[in-house]
Amino acid sequence: MSEKVLYSKGGGSLASLMLFLIGVGVLLFACSKFSAQELASIPDFGLLAWLSLFWLIAFFTLTYLHYKSVYLIVSTYVLGLTVFHLGIIFNSIVTGQPVYWDPKVAPWMDRAGWLVLAALSSIGVGVALSTWFVKKKYISKDLAIARSQEALSFGYWSSLGLLLASAIFFLLAIQSYGNLLDYQRFEIFRSSADSRGFGAFMMIFPGAVLLFFLTATKPTQRRLAWALVFFSLLLFLFSGYRSAAMFPMLAGVVLWVKKGNKLPFYVAVVLAIVAIFAVSFFGYLRLMGSYGDIDKDALIQSYEQSSLGDVATLGQTVGIVGHTLRFVPHEEPYRLGRSYYNAVVDSVPNIGFQISSKRSRKQFKEDMQSDPNVVVDMAPSDWMTYKILRDQYDLGQGVGFSTVAEPYLNFGLAGVVVFFVSIGALLGLFDHKTLILHPKLLLFMGAMYWPLIRTVRNDFSNFIKPFTFMLVILLLWWIFSKLVLGKRLPRKMGRLR
(Lines give C-alpha, C1' and ligand atoms only; values in the text may rest on other atoms or scores of the structure.)
Protein backbone atom coordinates (compact mmCIF):
# COMPACT_ATOMS: atom_id res chain seq x y z
CA MET A 1 0.00 0.00 0.00
CA SER A 2 1.48 3.35 -1.05
CA GLU A 3 2.30 5.97 1.60
CA LYS A 4 -0.40 8.60 2.12
CA VAL A 5 0.01 12.36 2.73
CA LEU A 6 -2.54 14.61 4.43
CA TYR A 7 -4.22 16.80 1.81
CA SER A 8 -6.70 18.51 4.11
CA LYS A 9 -7.62 18.16 7.77
CA GLY A 10 -11.33 17.93 8.52
CA GLY A 11 -14.01 17.01 10.97
CA GLY A 12 -14.99 18.46 14.30
CA SER A 13 -13.22 17.74 17.56
CA LEU A 14 -13.84 18.27 21.25
CA ALA A 15 -11.65 21.38 21.05
CA SER A 16 -13.65 22.86 18.15
CA LEU A 17 -16.92 22.08 19.97
CA MET A 18 -15.67 23.89 23.06
CA LEU A 19 -14.53 26.80 20.89
CA PHE A 20 -18.02 27.01 19.42
CA LEU A 21 -19.77 26.92 22.79
CA ILE A 22 -17.42 29.47 24.39
CA GLY A 23 -17.62 31.66 21.31
CA VAL A 24 -21.43 31.65 21.29
CA GLY A 25 -21.56 32.32 25.03
CA VAL A 26 -19.13 35.27 24.89
CA LEU A 27 -20.83 36.59 21.76
CA LEU A 28 -24.29 36.61 23.34
CA PHE A 29 -22.96 38.28 26.48
CA ALA A 30 -21.02 40.91 24.49
CA CYS A 31 -24.09 41.65 22.34
CA SER A 32 -26.29 42.04 25.43
CA LYS A 33 -23.77 44.43 27.03
CA PHE A 34 -23.47 46.35 23.78
CA SER A 35 -27.23 46.77 23.49
CA ALA A 36 -27.92 47.54 27.14
CA GLN A 37 -24.85 49.58 28.00
CA GLU A 38 -25.68 53.00 29.35
CA LEU A 39 -23.57 55.92 28.21
CA ALA A 40 -20.99 56.95 30.80
CA SER A 41 -18.57 59.85 30.62
CA ILE A 42 -15.84 57.65 32.18
CA PRO A 43 -15.82 54.18 30.58
CA ASP A 44 -15.05 51.16 32.76
CA PHE A 45 -13.14 48.49 30.85
CA GLY A 46 -12.50 46.10 33.76
CA LEU A 47 -15.00 43.35 32.92
CA LEU A 48 -14.40 43.78 29.20
CA ALA A 49 -10.63 43.38 29.58
CA TRP A 50 -10.83 40.23 31.70
CA LEU A 51 -13.47 38.59 29.51
CA SER A 52 -11.46 39.47 26.39
CA LEU A 53 -8.36 37.91 27.96
CA PHE A 54 -10.36 34.79 28.83
CA TRP A 55 -11.62 34.52 25.26
CA LEU A 56 -8.13 34.99 23.77
CA ILE A 57 -6.63 32.31 26.01
CA ALA A 58 -9.48 29.95 25.12
CA PHE A 59 -9.16 30.72 21.41
CA PHE A 60 -5.42 30.17 21.12
CA THR A 61 -5.50 27.08 23.36
CA LEU A 62 -8.41 25.38 21.61
CA THR A 63 -7.22 26.17 18.08
CA TYR A 64 -3.83 24.71 19.05
CA LEU A 65 -5.50 21.56 20.33
CA HIS A 66 -7.58 21.23 17.16
CA TYR A 67 -4.98 22.13 14.53
CA LYS A 68 -1.94 20.90 16.51
CA SER A 69 -0.07 24.10 15.67
CA VAL A 70 0.30 27.65 16.94
CA TYR A 71 1.13 28.87 13.44
CA LEU A 72 -2.34 29.50 12.03
CA ILE A 73 -3.60 31.88 9.38
CA VAL A 74 -6.60 32.88 11.47
CA SER A 75 -4.33 33.64 14.44
CA THR A 76 -2.53 36.37 12.48
CA TYR A 77 -5.85 38.11 11.85
CA VAL A 78 -6.98 37.76 15.47
CA LEU A 79 -3.62 39.04 16.71
CA GLY A 80 -3.79 42.10 14.47
CA LEU A 81 -7.39 42.82 15.43
CA THR A 82 -6.59 42.49 19.15
CA VAL A 83 -3.46 44.63 19.16
CA PHE A 84 -5.04 47.50 17.26
CA HIS A 85 -8.37 47.48 19.12
CA LEU A 86 -7.66 46.29 22.64
CA GLY A 87 -3.97 47.09 23.17
CA ILE A 88 -4.59 50.42 24.86
CA ILE A 89 -7.33 48.93 27.06
CA PHE A 90 -5.13 46.05 28.24
CA ASN A 91 -2.31 48.51 28.92
CA SER A 92 -4.66 50.65 31.03
CA ILE A 93 -5.71 47.67 33.16
CA VAL A 94 -2.14 46.44 33.67
CA THR A 95 -0.57 49.83 34.45
CA GLY A 96 -3.55 51.35 36.22
CA GLN A 97 -3.25 54.44 34.06
CA PRO A 98 -6.63 55.67 32.76
CA VAL A 99 -7.17 56.31 29.07
CA TYR A 100 -8.13 59.89 28.31
CA TRP A 101 -10.59 59.93 25.44
CA ASP A 102 -12.02 62.88 23.60
CA PRO A 103 -15.00 63.97 25.76
CA LYS A 104 -17.25 63.67 22.71
CA VAL A 105 -16.47 59.99 22.19
CA ALA A 106 -15.77 58.85 25.78
CA PRO A 107 -19.44 57.96 26.52
CA TRP A 108 -19.44 55.57 23.57
CA MET A 109 -16.24 53.70 24.42
CA ASP A 110 -17.85 51.03 26.60
CA ARG A 111 -20.10 50.05 23.72
CA ALA A 112 -17.14 50.17 21.33
CA GLY A 113 -15.22 47.72 23.50
CA TRP A 114 -18.10 45.27 23.67
CA LEU A 115 -18.55 45.49 19.91
CA VAL A 116 -14.89 44.54 19.45
CA LEU A 117 -15.34 41.53 21.73
CA ALA A 118 -18.45 40.56 19.75
CA ALA A 119 -16.31 40.62 16.60
CA LEU A 120 -13.55 38.50 18.17
CA SER A 121 -15.96 35.90 19.56
CA SER A 122 -17.72 35.76 16.17
CA ILE A 123 -14.38 34.78 14.60
CA GLY A 124 -14.16 31.90 17.06
CA VAL A 125 -17.66 30.75 16.14
CA GLY A 126 -16.74 30.87 12.45
CA VAL A 127 -13.53 28.88 12.96
CA ALA A 128 -15.44 26.24 14.94
CA LEU A 129 -18.11 25.96 12.25
CA SER A 130 -15.48 25.51 9.54
CA THR A 131 -14.27 22.29 11.17
CA TRP A 132 -17.53 20.54 10.29
CA PHE A 133 -17.49 21.60 6.64
CA VAL A 134 -14.13 20.12 5.66
CA LYS A 135 -13.49 16.45 5.10
CA LYS A 136 -10.21 14.82 6.03
CA LYS A 137 -8.51 13.72 2.84
CA TYR A 138 -5.27 11.93 2.03
CA ILE A 139 -3.46 11.56 -1.27
CA SER A 140 -0.58 9.37 -2.37
CA LYS A 141 2.97 10.51 -1.71
CA ASP A 142 3.78 10.58 -5.43
CA LEU A 143 0.79 12.80 -6.14
CA ALA A 144 1.70 15.03 -3.19
CA ILE A 145 5.20 15.53 -4.59
CA ALA A 146 3.78 16.42 -7.99
CA ARG A 147 1.27 18.82 -6.46
CA SER A 148 3.90 20.57 -4.33
CA GLN A 149 6.20 21.02 -7.33
CA GLU A 150 3.26 22.35 -9.30
CA ALA A 151 2.35 24.81 -6.54
CA LEU A 152 5.93 26.07 -6.15
CA SER A 153 6.39 26.46 -9.91
CA PHE A 154 3.09 28.30 -10.29
CA GLY A 155 3.78 30.57 -7.33
CA TYR A 156 7.38 31.31 -8.32
CA TRP A 157 6.55 32.28 -11.88
CA SER A 158 3.64 34.40 -10.66
CA SER A 159 5.93 36.20 -8.21
CA LEU A 160 8.27 37.12 -11.08
CA GLY A 161 5.37 38.80 -12.87
CA LEU A 162 4.44 40.74 -9.74
CA LEU A 163 8.06 41.77 -9.15
CA LEU A 164 8.36 42.98 -12.74
CA ALA A 165 5.17 45.03 -12.35
CA SER A 166 6.50 46.44 -9.07
CA ALA A 167 9.68 47.58 -10.80
CA ILE A 168 7.66 49.32 -13.52
CA PHE A 169 5.46 51.11 -10.98
CA PHE A 170 8.51 52.16 -8.98
CA LEU A 171 10.04 53.73 -12.09
CA LEU A 172 6.75 55.54 -12.73
CA ALA A 173 6.85 56.84 -9.15
CA ILE A 174 10.36 58.22 -9.65
CA GLN A 175 9.26 59.82 -12.91
CA SER A 176 6.40 61.55 -11.06
CA TYR A 177 8.18 62.57 -7.87
CA GLY A 178 11.84 62.71 -8.71
CA ASN A 179 13.96 61.87 -5.67
CA LEU A 180 11.59 60.21 -3.18
CA LEU A 181 14.06 60.88 -0.36
CA ASP A 182 13.23 64.58 -0.56
CA TYR A 183 9.72 63.91 0.79
CA GLN A 184 8.31 63.21 4.19
CA ARG A 185 5.85 60.32 4.38
CA PHE A 186 2.73 62.47 4.52
CA GLU A 187 3.96 64.67 1.66
CA ILE A 188 3.99 61.92 -0.96
CA PHE A 189 0.23 61.60 -1.44
CA ARG A 190 -0.41 65.24 -0.58
CA SER A 191 1.75 66.56 -3.42
CA SER A 192 0.39 67.39 -6.87
CA ALA A 193 2.44 64.60 -8.48
CA ASP A 194 0.72 61.57 -10.00
CA SER A 195 0.70 59.12 -7.09
CA ARG A 196 -0.59 56.09 -9.00
CA GLY A 197 2.84 54.59 -9.65
CA PHE A 198 3.89 54.84 -6.02
CA GLY A 199 0.49 53.66 -4.78
CA ALA A 200 0.52 50.60 -7.04
CA PHE A 201 4.09 49.78 -5.99
CA MET A 202 3.06 49.93 -2.33
CA MET A 203 0.17 47.55 -2.97
CA ILE A 204 2.06 44.95 -5.01
CA PHE A 205 5.69 44.82 -3.93
CA PRO A 206 5.30 43.41 -0.37
CA GLY A 207 3.18 40.48 -1.59
CA ALA A 208 5.46 39.89 -4.57
CA VAL A 209 8.48 39.61 -2.27
CA LEU A 210 6.68 37.30 0.16
CA LEU A 211 5.45 35.00 -2.62
CA PHE A 212 8.94 34.91 -4.16
CA PHE A 213 10.40 34.06 -0.75
CA LEU A 214 7.92 31.22 -0.17
CA THR A 215 8.35 29.61 -3.60
CA ALA A 216 12.10 29.99 -4.23
CA THR A 217 13.64 26.50 -4.42
CA LYS A 218 17.16 26.83 -5.82
CA PRO A 219 20.05 28.15 -3.68
CA THR A 220 20.49 31.23 -5.88
CA GLN A 221 16.77 31.96 -5.74
CA ARG A 222 16.74 31.63 -1.95
CA ARG A 223 19.68 34.00 -1.51
CA LEU A 224 17.95 36.53 -3.75
CA ALA A 225 14.72 36.01 -1.81
CA TRP A 226 16.40 36.81 1.51
CA ALA A 227 18.01 39.88 -0.03
CA LEU A 228 14.61 41.09 -1.26
CA VAL A 229 13.05 40.46 2.17
CA PHE A 230 15.67 42.58 3.95
CA PHE A 231 15.47 45.28 1.27
CA SER A 232 11.67 45.38 1.55
CA LEU A 233 11.75 45.58 5.35
CA LEU A 234 14.31 48.38 5.39
CA LEU A 235 12.59 50.27 2.58
CA PHE A 236 9.16 50.34 4.21
CA LEU A 237 10.36 50.75 7.80
CA PHE A 238 12.69 53.65 7.06
CA SER A 239 10.11 55.32 4.84
CA GLY A 240 7.55 55.15 7.65
CA TYR A 241 5.17 52.65 6.02
CA ARG A 242 5.39 50.20 8.88
CA SER A 243 2.24 48.24 7.96
CA ALA A 244 3.76 47.31 4.56
CA ALA A 245 6.61 45.68 6.48
CA MET A 246 4.98 44.31 9.63
CA PHE A 247 1.85 42.68 8.18
CA PRO A 248 3.68 40.74 5.42
CA MET A 249 6.25 39.70 8.03
CA LEU A 250 3.50 38.43 10.34
CA ALA A 251 1.88 36.48 7.51
CA GLY A 252 5.26 35.26 6.27
CA VAL A 253 6.23 33.64 9.57
CA VAL A 254 3.02 31.59 9.65
CA LEU A 255 3.10 30.69 5.95
CA TRP A 256 6.77 29.67 6.19
CA VAL A 257 5.80 27.04 8.78
CA LYS A 258 2.58 26.00 7.04
CA LYS A 259 4.61 25.37 3.89
CA GLY A 260 6.39 22.61 5.77
CA ASN A 261 9.36 24.35 7.40
CA LYS A 262 10.14 24.38 11.11
CA LEU A 263 10.42 27.45 13.33
CA PRO A 264 10.96 27.04 17.09
CA PHE A 265 8.40 28.94 19.10
CA TYR A 266 11.08 30.89 20.99
CA VAL A 267 12.36 32.22 17.66
CA ALA A 268 8.85 33.46 16.83
CA VAL A 269 8.69 35.17 20.24
CA VAL A 270 12.04 36.90 19.63
CA LEU A 271 10.84 38.05 16.21
CA ALA A 272 7.66 39.42 17.79
CA ILE A 273 9.66 41.42 20.36
CA VAL A 274 11.94 42.79 17.63
CA ALA A 275 8.89 43.72 15.54
CA ILE A 276 7.23 45.52 18.47
CA PHE A 277 10.38 47.53 19.13
CA ALA A 278 10.69 48.29 15.40
CA VAL A 279 7.14 49.69 15.39
CA SER A 280 8.14 52.14 18.12
CA PHE A 281 11.59 52.98 16.70
CA PHE A 282 10.47 53.68 13.16
CA GLY A 283 7.39 55.49 14.42
CA TYR A 284 9.67 58.11 15.96
CA LEU A 285 12.08 58.03 13.04
CA ARG A 286 9.46 59.00 10.48
CA LEU A 287 8.83 62.22 12.44
CA MET A 288 12.43 63.39 12.01
CA GLY A 289 11.92 65.00 8.60
CA SER A 290 12.25 63.92 4.99
CA TYR A 291 13.81 60.56 4.23
CA GLY A 292 16.98 62.23 3.01
CA ASP A 293 17.36 64.03 6.38
CA ILE A 294 17.67 60.79 8.34
CA ASP A 295 21.19 60.57 9.76
CA LYS A 296 23.06 59.05 12.69
CA ASP A 297 21.67 61.56 15.17
CA ALA A 298 18.11 60.85 14.06
CA LEU A 299 18.68 57.12 14.51
CA ILE A 300 20.12 57.62 18.01
CA GLN A 301 17.28 59.92 19.05
CA SER A 302 14.66 57.51 17.78
CA TYR A 303 16.32 54.63 19.63
CA GLU A 304 16.39 56.57 22.90
CA GLN A 305 12.70 57.43 22.63
CA SER A 306 11.57 53.94 21.63
CA SER A 307 9.88 51.59 24.08
CA LEU A 308 8.14 48.23 23.90
CA GLY A 309 5.28 49.87 25.78
CA ASP A 310 4.55 52.06 22.76
CA VAL A 311 2.75 49.14 21.14
CA ALA A 312 -0.19 49.94 23.44
CA THR A 313 -0.78 53.17 21.53
CA LEU A 314 -1.66 51.06 18.48
CA GLY A 315 -4.84 50.02 20.30
CA GLN A 316 -6.43 53.42 19.78
CA THR A 317 -8.28 52.07 16.73
CA VAL A 318 -11.06 51.23 19.18
CA GLY A 319 -11.61 55.00 19.32
CA ILE A 320 -12.61 54.87 15.65
CA VAL A 321 -15.26 52.32 16.61
CA GLY A 322 -16.49 54.67 19.34
CA HIS A 323 -16.77 57.60 16.94
CA THR A 324 -18.67 55.43 14.45
CA LEU A 325 -21.18 54.51 17.15
CA ARG A 326 -21.51 58.19 18.03
CA PHE A 327 -22.43 59.17 14.47
CA VAL A 328 -24.40 56.14 13.22
CA PRO A 329 -27.36 55.83 13.29
CA HIS A 330 -27.93 58.87 15.56
CA GLU A 331 -26.68 61.49 13.08
CA GLU A 332 -26.27 59.56 9.83
CA PRO A 333 -27.91 56.46 8.32
CA TYR A 334 -26.44 53.00 7.94
CA ARG A 335 -24.63 52.65 4.61
CA LEU A 336 -26.36 49.34 3.75
CA GLY A 337 -23.36 47.97 1.89
CA ARG A 338 -22.33 51.16 0.08
CA SER A 339 -18.77 51.16 1.41
CA TYR A 340 -18.17 47.59 0.18
CA TYR A 341 -19.78 48.29 -3.19
CA ASN A 342 -17.72 51.47 -3.65
CA ALA A 343 -14.58 49.58 -2.62
CA VAL A 344 -15.15 47.13 -5.47
CA VAL A 345 -15.93 49.88 -7.98
CA ASP A 346 -12.91 51.94 -6.94
CA SER A 347 -10.63 48.92 -7.22
CA VAL A 348 -10.79 49.02 -11.03
CA PRO A 349 -7.32 50.20 -12.11
CA ASN A 350 -7.17 53.74 -13.49
CA ILE A 351 -4.97 53.47 -16.58
CA GLY A 352 -5.82 56.86 -18.06
CA PHE A 353 -3.38 59.69 -18.51
CA GLN A 354 -4.92 61.72 -15.69
CA ILE A 355 -5.94 60.97 -12.11
CA SER A 356 -9.71 60.73 -11.81
CA SER A 357 -11.10 63.34 -9.41
CA LYS A 358 -14.65 61.97 -9.38
CA ARG A 359 -14.27 60.44 -5.90
CA SER A 360 -11.45 62.62 -4.60
CA ARG A 361 -11.55 64.35 -1.23
CA LYS A 362 -11.67 67.74 -2.88
CA GLN A 363 -14.64 66.72 -5.03
CA PHE A 364 -16.57 65.32 -2.06
CA LYS A 365 -15.97 68.48 -0.07
CA GLU A 366 -17.32 70.58 -2.94
CA ASP A 367 -20.34 68.31 -3.46
CA MET A 368 -21.27 68.45 0.22
CA GLN A 369 -21.81 72.18 -0.03
CA SER A 370 -24.90 71.52 -2.12
CA ASP A 371 -25.85 67.99 -1.03
CA PRO A 372 -24.75 66.83 2.46
CA ASN A 373 -26.09 63.35 1.71
CA VAL A 374 -23.10 62.52 -0.51
CA VAL A 375 -21.26 61.81 2.74
CA VAL A 376 -22.66 58.27 2.64
CA ASP A 377 -20.57 57.54 -0.46
CA MET A 378 -17.26 58.62 1.07
CA ALA A 379 -14.67 55.95 1.81
CA PRO A 380 -15.00 55.14 5.53
CA SER A 381 -11.46 56.31 6.33
CA ASP A 382 -12.03 59.62 4.52
CA TRP A 383 -15.43 60.00 6.18
CA MET A 384 -13.98 59.50 9.66
CA THR A 385 -11.13 61.95 9.02
CA TYR A 386 -13.61 64.51 7.70
CA LYS A 387 -15.83 64.10 10.76
CA ILE A 388 -13.23 64.28 13.54
CA LEU A 389 -10.10 65.92 12.05
CA ARG A 390 -11.21 68.30 9.30
CA ASP A 391 -7.79 69.98 9.05
CA GLN A 392 -6.12 66.60 8.43
CA TYR A 393 -8.71 65.84 5.77
CA ASP A 394 -7.83 69.06 3.94
CA LEU A 395 -4.11 68.20 4.11
CA GLY A 396 -4.64 64.78 2.55
CA GLN A 397 -3.86 62.87 5.73
CA GLY A 398 -6.11 60.47 7.60
CA VAL A 399 -6.90 58.55 10.77
CA GLY A 400 -7.45 55.15 9.17
CA PHE A 401 -10.52 53.14 10.05
CA SER A 402 -11.52 49.85 11.68
CA THR A 403 -12.51 46.47 10.35
CA VAL A 404 -15.00 46.30 13.26
CA ALA A 405 -16.49 49.71 12.55
CA GLU A 406 -17.09 49.14 8.82
CA PRO A 407 -19.66 46.31 9.00
CA TYR A 408 -21.38 48.25 11.78
CA LEU A 409 -21.35 51.37 9.61
CA ASN A 410 -23.15 49.37 6.93
CA PHE A 411 -25.49 47.01 8.79
CA GLY A 412 -25.22 47.60 12.52
CA LEU A 413 -24.54 44.90 15.12
CA ALA A 414 -25.90 42.13 12.87
CA GLY A 415 -23.43 43.15 10.17
CA VAL A 416 -20.51 42.80 12.59
CA VAL A 417 -21.57 39.30 13.67
CA VAL A 418 -22.17 38.02 10.12
CA PHE A 419 -18.95 39.58 8.77
CA PHE A 420 -16.67 38.11 11.43
CA VAL A 421 -18.31 34.70 11.53
CA SER A 422 -17.65 34.61 7.76
CA ILE A 423 -14.03 35.71 8.20
CA GLY A 424 -13.48 33.08 10.89
CA ALA A 425 -15.05 30.34 8.78
CA LEU A 426 -13.02 31.27 5.70
CA LEU A 427 -9.65 31.50 7.47
CA GLY A 428 -10.46 28.41 9.51
CA LEU A 429 -11.15 26.58 6.25
CA PHE A 430 -7.76 27.70 4.87
CA ASP A 431 -6.01 26.45 8.01
CA HIS A 432 -7.38 22.96 7.35
CA LYS A 433 -5.56 22.78 4.03
CA THR A 434 -1.99 21.57 3.53
CA LEU A 435 -0.74 24.79 1.96
CA ILE A 436 1.96 23.36 -0.29
CA LEU A 437 -0.56 21.03 -1.97
CA HIS A 438 -2.94 23.81 -3.04
CA PRO A 439 -1.39 26.03 -5.76
CA LYS A 440 -4.11 28.69 -5.83
CA LEU A 441 -4.22 28.94 -2.05
CA LEU A 442 -0.44 29.30 -1.89
CA LEU A 443 -0.61 32.11 -4.44
CA PHE A 444 -3.39 33.91 -2.58
CA MET A 445 -1.85 33.57 0.85
CA GLY A 446 1.62 34.55 -0.31
CA ALA A 447 0.72 37.60 -2.38
CA MET A 448 -2.74 38.75 -1.36
CA TYR A 449 -3.40 37.85 2.28
CA TRP A 450 -1.34 40.53 4.02
CA PRO A 451 -3.64 43.40 2.88
CA LEU A 452 -6.53 41.58 4.57
CA ILE A 453 -4.67 41.73 7.90
CA ARG A 454 -4.01 45.41 7.27
CA THR A 455 -7.75 46.10 7.11
CA VAL A 456 -7.97 45.62 10.89
CA ARG A 457 -7.04 49.33 11.09
CA ASN A 458 -8.35 50.46 7.69
CA ASP A 459 -11.44 50.08 5.55
CA PHE A 460 -12.05 47.07 3.31
CA SER A 461 -10.87 48.85 0.16
CA ASN A 462 -7.32 48.37 1.49
CA PHE A 463 -7.78 44.68 0.67
CA ILE A 464 -10.02 44.83 -2.38
CA LYS A 465 -7.84 47.23 -4.37
CA PRO A 466 -4.50 45.35 -4.01
CA PHE A 467 -6.34 42.07 -4.58
CA THR A 468 -7.85 43.35 -7.83
CA PHE A 469 -4.60 44.93 -9.02
CA MET A 470 -2.68 41.71 -8.48
CA LEU A 471 -5.33 39.61 -10.22
CA VAL A 472 -5.19 41.87 -13.28
CA ILE A 473 -1.40 41.84 -13.33
CA LEU A 474 -1.25 38.05 -12.98
CA LEU A 475 -3.80 37.59 -15.74
CA LEU A 476 -1.75 39.77 -18.10
CA TRP A 477 1.47 38.07 -17.00
CA TRP A 478 0.19 34.58 -17.73
CA ILE A 479 -1.26 35.65 -21.09
CA PHE A 480 2.12 37.17 -21.97
CA SER A 481 3.93 34.04 -20.73
CA LYS A 482 1.79 31.79 -22.91
CA LEU A 483 1.77 33.87 -26.10
CA VAL A 484 5.35 35.14 -26.04
CA LEU A 485 7.32 32.70 -23.90
CA GLY A 486 5.29 29.59 -24.57
CA LYS A 487 4.86 28.92 -20.85
CA ARG A 488 1.58 27.43 -19.70
CA LEU A 489 -0.22 27.38 -16.40
CA PRO A 490 0.08 24.04 -14.59
CA ARG A 491 -2.71 21.81 -15.82
CA LYS A 492 -5.53 20.44 -13.62
CA MET A 493 -4.45 22.87 -10.91
CA GLY A 494 -7.90 23.17 -9.43
CA ARG A 495 -8.60 19.45 -8.85
CA LEU A 496 -6.92 16.22 -7.88
CA ARG A 497 -5.81 13.79 -10.49
Heavy-atom donor-acceptor pair, [X] side chain to [Y] backbone, under 3.5 Å:
X    : Y    : value
S153 : Q149 : no
R222 : T217 : yes
N458 : R454 : yes
T61  : A58  : no
S232 : V229 : no
S347 : T468 : no
T131 : A128 : yes
K259 : L214 : yes
S121 : A118 : yes

Can you confirm whether or not the ring centre of [X] sits under 6.0 Å from the ring centre of [Y]?
X    : Y    : answer
F54  : W50  : no
F411 : Y334 : no
H438 : Y7   : yes
W256 : Y71  : no

Looking at [X] and [Y], what are the two nearest heavy atoms and their distance?
X    : Y    : answer
R147 : P439 : NH2-CD, 3.7 Å
L163 : A208 : CD2-CB, 3.7 Å
H66  : S16  : ND1-CB, 4.0 Å
V127 : G424 : CG2-O, 3.4 Å
L210 : G252 : CD1-CA, 3.6 Å
G428 : Y67  : O-OH, 3.1 Å

No-hydrogen, no-angle side-chain donor-acceptor test under 3.5 Å, [X] and [Y]:
X    : Y    : value
W477 : S158 : no
S461 : D459 : yes
R335 : Y340 : no
S8   : H432 : no

Quick one: pull up [atom1] in [X] and [atom2] in [Y] and give me the separation to the nearest 0.5 Å.
X    : Y    : atom1 : atom2 : answer
I73  : M445 : CD1   : CE    : 3.5 Å
L471 : F444 : CG    : CZ    : 9.5 Å
L81  : R457 : CG    : CZ    : 13.0 Å
W55  : I22  : CH2   : CD1   : 10.5 Å
S159 : L228 : OG    : CG    : 9.5 Å
R338 : D377 : CZ    : CG    : 4.5 Å

A side-chain contact here means heavy atoms from C-beta on lying under 4.5 Å apart; do [X] and [Y] qualify?
X    : Y    : answer
L62  : L65  : yes
D110 : F45  : yes
F327 : W383 : yes
M384 : P380 : no
L79  : T82  : no
Y156 : Q221 : yes
W478 : L483 : no
H323 : V399 : no

Residue pair Y449, F463: steps toward the side-chain contact (heavy atoms from CB on, under 4.5 Å) verdict:
CA-CA 8 Å; Y449 175 59; F463 166 71; over 6 Å; no

In terms of side-chain geometry, is the basic nitrogen of K465 or D346 positioned less than 4.0 Å from the acidic oxygen of its partner?
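Salt bridge flag = no for D346 with K465.
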
Could you tell me whether K258 and D431 make a salt bridge, using a distance below 4.0 angstrom between a side-chain N and a carboxylate O?
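So K258 pairs with D431 through a salt bridge.
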
So which pairs with a foot in residues 399-408 pass side chain to side chain donor-acceptor pair (under 3.5 Å), sequence neighbours left out?
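Pairs touching residues 399-408 that pass the test: Y77-T403, H85-S402, S339-E406.
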
Ring geometry between F170 and F201 (parallel below 30°, tilted from 30 to 60°, perpendicular above 60°):
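Rings of F201 and F170: tilted, 30 to 60°.
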
Report, as yes or no, whether the 6.0 Å neighbourhood of atom CH2 on W132 holds more than 12 heavy atoms from other residues, nucleotides or ligands.
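Yes, the 6.0 Å shell around CH2 holds more than 12 heavy atoms from other groups.
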
Please determine whether the number of non-hydrogen atoms from other residues, nucleotides or ligands lying under 6.0 Å from atom OH of Y64 exceeds 12.
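For Y64, atom OH is not crowded (no more than 12 foreign heavy atoms under 6.0 Å).
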
Test log, rule side-chain contact (heavy atoms from CB on, under 4.5 Å), inputs L51 and W114
CA-CA 10 Å; L51 188 57; W114 289 112; 3.9 Å; yes

With side-chain contact (heavy atoms from CB on, under 4.5 Å) as the criterion, how do F247 and L452 come out once you've worked through the C-alpha distance, each side chain's angles and the decisive distance to 0.1 Å?
CA-CA 9 Å; F247 290 132; L452 182 62; over 6 Å; no

Run F90 and L56 through side-chain contact (heavy atoms from CB on, under 4.5 Å) and show every step you take.
CA-CA 12 Å; F90 285 145; L56 288 169; 4.0 Å; yes

